[in-house]
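Since the structure comes first, as structure tokens, the remarks are kept for the end.
Lettering follows sequence order; numbering is per chain, from 1.
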Protein chains: 4
Amino acid sequence: MAEAPRVAAKRGRPPKSQSQLRTQRPGTQRAAAKEATRLKLIEATIDSIARSGFADTTLAKVSEGAGLSRGIVNFHFTSKDALLVETLTHLADEYTGFWRAAVAEAGADPAARLTAIVDAEFHPTVCNRKKIAVWYAFWGEARSRPTYLAVCERQDSEHLEAIRAICRELVETGGYADIDAEDAANGLMALADGLWLDQLLTPAHFDRAAARRVCLLFLAGVFPRHFTAKRGAASAA
Amino acid sequence: MAEAPRVAAKRGRPPKSQSQLRTQRPGTQRAAAKEATRLKLIEATIDSIARSGFADTTLAKVSEGAGLSRGIVNFHFTSKDALLVETLTHLADEYTGFWRAAVAEAGADPAARLTAIVDAEFHPTVCNRKKIAVWYAFWGEARSRPTYLAVCERQDSEHLEAIRAICRELVETGGYADIDAEDAANGLMALADGLWLDQLLTPAHFDRAAARRVCLLFLAGVFPRHFTAKRGAASAA
Amino acid sequence: MAEAPRVAAKRGRPPKSQSQLRTQRPGTQRAAAKEATRLKLIEATIDSIARSGFADTTLAKVSEGAGLSRGIVNFHFTSKDALLVETLTHLADEYTGFWRAAVAEAGADPAARLTAIVDAEFHPTVCNRKKIAVWYAFWGEARSRPTYLAVCERQDSEHLEAIRAICRELVETGGYADIDAEDAANGLMALADGLWLDQLLTPAHFDRAAARRVCLLFLAGVFPRHFTAKRGAASAA
Amino acid sequence: MAEAPRVAAKRGRPPKSQSQLRTQRPGTQRAAAKEATRLKLIEATIDSIARSGFADTTLAKVSEGAGLSRGIVNFHFTSKDALLVETLTHLADEYTGFWRAAVAEAGADPAARLTAIVDAEFHPTVCNRKKIAVWYAFWGEARSRPTYLAVCERQDSEHLEAIRAICRELVETGGYADIDAEDAANGLMALADGLWLDQLLTPAHFDRAAARRVCLLFLAGVFPRHFTAKRGAASAA
DNA sequence: CATGAATGAGTCTTCATTCAT
DNA sequence: AATGAATGAAGACTCATTCAT
């Protein structure tokens, strides 16, 4: 499977490598330090949400978790809300970057691409209890916060569109005229999200291989000539 | 499909009809009024979580939503946390009661029972944006609140076990020796939970019939002789 | 020493004996029941203050302690404040009645009367940790509550005046021309109050006999021909 | 008599003079300001308890009295309870520091030392209606608050032990074989506490000189060759 | 006479945010 | 760029009091 692929650059502020930084004109180094602090805060936020939940995530906990002082968040993010939005964006960017890279590495074969997506979905980099807890925390608040909803929607629709395109290709080139590619795509995505919930609520019961197997069970049912549910492995027909 | 079935009685305090109340011994009427107030508060809590989210659900909003005074929640539930737990329990009881009734009405045929479960899952009584928002709000906090987790887990495992039993029956009596009933059950549940997320995040895009169709697409793939994905209808072979 | 003497009648509502009550005209019996409830509430108040302190004495605790319902106090006493004042008055009346009875029983000899007062002061009926805690609780609030202050003052000055009168008699008839009776009386009262504090703060260290001995040490110093500090016993010269 | 002696430094954070502050390393000045704020709050608490009583001392009153904002107490003391405990500790430290300094200044003579203690007891610095009201407020709550009790007990037993030691010395070196030094010490302390109560309850009637006279009346009775009650003055024999 | 559900003012406490250093 | 003391608005909770039954 794909190694953890690089995360997509964040909103026009592409992360620069250390070596690059040192050769920049003065002032850029300082900017990099600032960026590093921002990142530390975002990561501390993720940790806090995962550990304490959304409701008990305070700026005090975040700044303490980042090993910094109280007022720091307002300094770097203007407001708590902005920090939260940036955290969600960060998470979404990471996730999107991850599956995009996986798909890119999978080559041209649609079945292989779909398999890559399934594998990415349950890869420890994005599918671990901490991150899933944070995703669910944001989803839990999404209904009442249009900004969150927008970020989730954008990332979701992009993901769905990618899957749908592959499904369409399979339907057309694989001779599945009776299959609705839209339904298939919806199904696969829903399956993945629902299996994440298992990891959140019953981590003891969840297992990565089983989750993958269930997805392939679905795909084997829909695209029987391209997937098989046997022995937990995918195979192009 | 099943009409909204009656919710299981909560903790031994079955709601009594008005006519019954008047003929009871004195004191019972008062107790019933108290219970009615409790219920009003729970419903106001659900409304508030759905509308304002978990974080912005304050006791002031809840009591105002219930048309009652400020201190009322602490009077009936001791603490905000207790109210929240009882709200989740209420939700879980309602949900469990709902699908149980649906299954009971479906008769003995396993395919019909499974279809009933799928239908119940997306019935407007339990599957509407308000309730789903509340479910996701609780799931979002579950990781950091063992009490929520316990309630979710209990309800979840009961639901899963019911589905698993039906799948097992299908596997054994339907001649699906190569199918893992456990995987099938996990898949169906995950699918349902994931499709709920669609309704939460992209309500415009969600549609009940499509959700049902996707589930049947899965079931048709797994149990092809008992389900067919055609025209969005289930049919026993 | 004097047996616990009867408590002085309370402000125009003299307690009636049970037998008396039954022979009264109808309606009086009901009044007696009401009076009994009042008393139960006052006693529950004393218990609560002793156990939970002034700050944590709530009407809920009081009514529960009395085995009655929530609203009962406002029914019988109009307000919490009134209950508290009546409790203090009750305490003061009991205390005053107690030492008055003790003095009355002591006869005419001034030394014997003074001894009786000292003995009464440390008699378990009035000098036990519960009641002392309540006295100190009221004293602690007295400064800021003129009503409490007034009740305390009235009782205090009466007590002091009684002691002063005896001291004066001793000075005049006992040949203690160089002794200021006022100072002697003040000293004895202060001594008693201060020794009560010992029982409150260091109950393990406090002992009734020692307290009595200390008072007699004082009296023996002031009126050497009438009191002796030896062996913890008072004796008229 | 001793001039108001300096209070013992509190918990290793000795107050620094302004001039010192400016020359310290950065950060210390800030810490000093913080300490000053703490002290202001403690003093505002004492004022409030004295004026409004324990029950009506709210954090709003305290912070207003200190000229600071609402949330300030929780910032500096975590909780109201902690503030109260620190206030009591402050009071106890001040009191202990005061009499200790007085005794130290009195020299070696036991009678002079005892006189110094009596004088300190009624010195306006510690014996004024405000502070006594606060002491009684804490004593009133002590029964039900082990923490208060512990602080009171510690300070009390230290004070008592000091007095007892002096009494013992007097007994042994002064030839008072028939006097129980323990009783004498208990008596003197109780007398002082009881006389404080007079100032609390009947301030009009209380007078410092008389209080002192009463104590000497006691001491003259117990140690006649070292104290005389005449003319309200103490004198070594 | 008594009950206990309901009220709502008042408190403590939390916490995002500000700002002098 | 970072700190952390201070602010003050907002929220949970308590509890005396009321009143229909």
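The distance between atom CD1 of I72(A) and atom P of dT3(F), rounded to the nearest whole Å, is 5 Å. As a whole-Å value, the separation of L41(D) CG from dA6(F) C1' is 11 Å. Summarising the geometry, the separation between CZ on R38(D) and P on dA6(F) is reported as 11 Å, rounded to the nearest angstrom. As rounded to whole Å, 14 Å separates atom C1' of dG4(F) from atom CD of E64(A). In this entry the distance linking NZ of K34(D) with P of dG4(F) reads 9 Å, nearest Å.
Between atom CG of residue L39(D) and atom CD of residue E86(D) there is a gap of 11.0 Å, rounded to the nearest 0.5 Å.
Within the structure, ring-ring contact (aromatic ring centres under 6.0 Å, His included) pairs that include any residue of residues 52-87 of chain D comprise F54(D)-F138(D) (at least two apart or interchain).
A sub-4.0 Å separation between OP1 or OP2 of dA2(F) and a side-chain N or O of H76(A) is present. For the OP1/OP2 pair of dA6(E) and a distance below 4.0 Å, the side-chain nitrogens and oxygens of T37(B) include at least one atom meeting the criterion.
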Practice problem: Determine, stepwise, if the pair K40(D) / E43(D) fulfils salt bridge (charged side-chain N to carboxylate O under 4.0 Å, His left out). | Solution: CA-CA 5 Å; K40(D) 240 195 300 188; E43(D) 274 157 9; over 6 Å; no
Practice problem: Could you walk me through whether R145(C) and D81(C) pass salt bridge (charged side-chain N to carboxylate O under 4.0 Å, His left out), step by step? | Solution: CA-CA 10 Å; R145(C) 308 217 190 178; D81(C) 229 65; 3.4 Å; yes
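Using a 4.5 Å cut-off on side-chain heavy atoms (C-beta onward), V62(A) and T58(A) make no contact. Using a 4.5 Å cut-off on side-chain heavy atoms (C-beta onward), H90(B) and I46(B) make contact. Residues S144(B) and R51(A) are not in side-chain contact: their nearest non-hydrogen atoms beyond the backbone lie 4.5 Å or more apart.
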Quiz item: If you write DNA chain F from 5' to 3' in dot-bracket form, with Watson-Crick or G-U pairs under 3.5 Å, [ ] for crossing pairs and | for pairs with another strand, what do you get?
Solution: .||||||||||||||||||||
Practice problem: Mark up nucleotides 9-16 of chain F, 5' to 3', with B wherever a protein heavy atom is under 4.0 angstrom from a base atom, S wherever such an atom reaches only the sugar-phosphate, and - elsewhere. | Solution: --SSBBSS
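Mapping L68(A) and G67(D) onto DNA chain F by nearest heavy atom places L68(A) at the nucleotide closer to the 5' end.
When all heavy atoms of A137(C) and I49(C) are compared, the closest pair comes out as CB-CG2, 3.5 Å.
Ion pairing of E35(B) with R38(B) is present here, as a side-chain N (NZ or NE/NH1/NH2) and a carboxylate O approach within less than 4.0 Å.
Looking at the side chain of S69(A), the nearest of the listed nucleotides dA2(E), dA6(E), dA2(F) is dA2(F).
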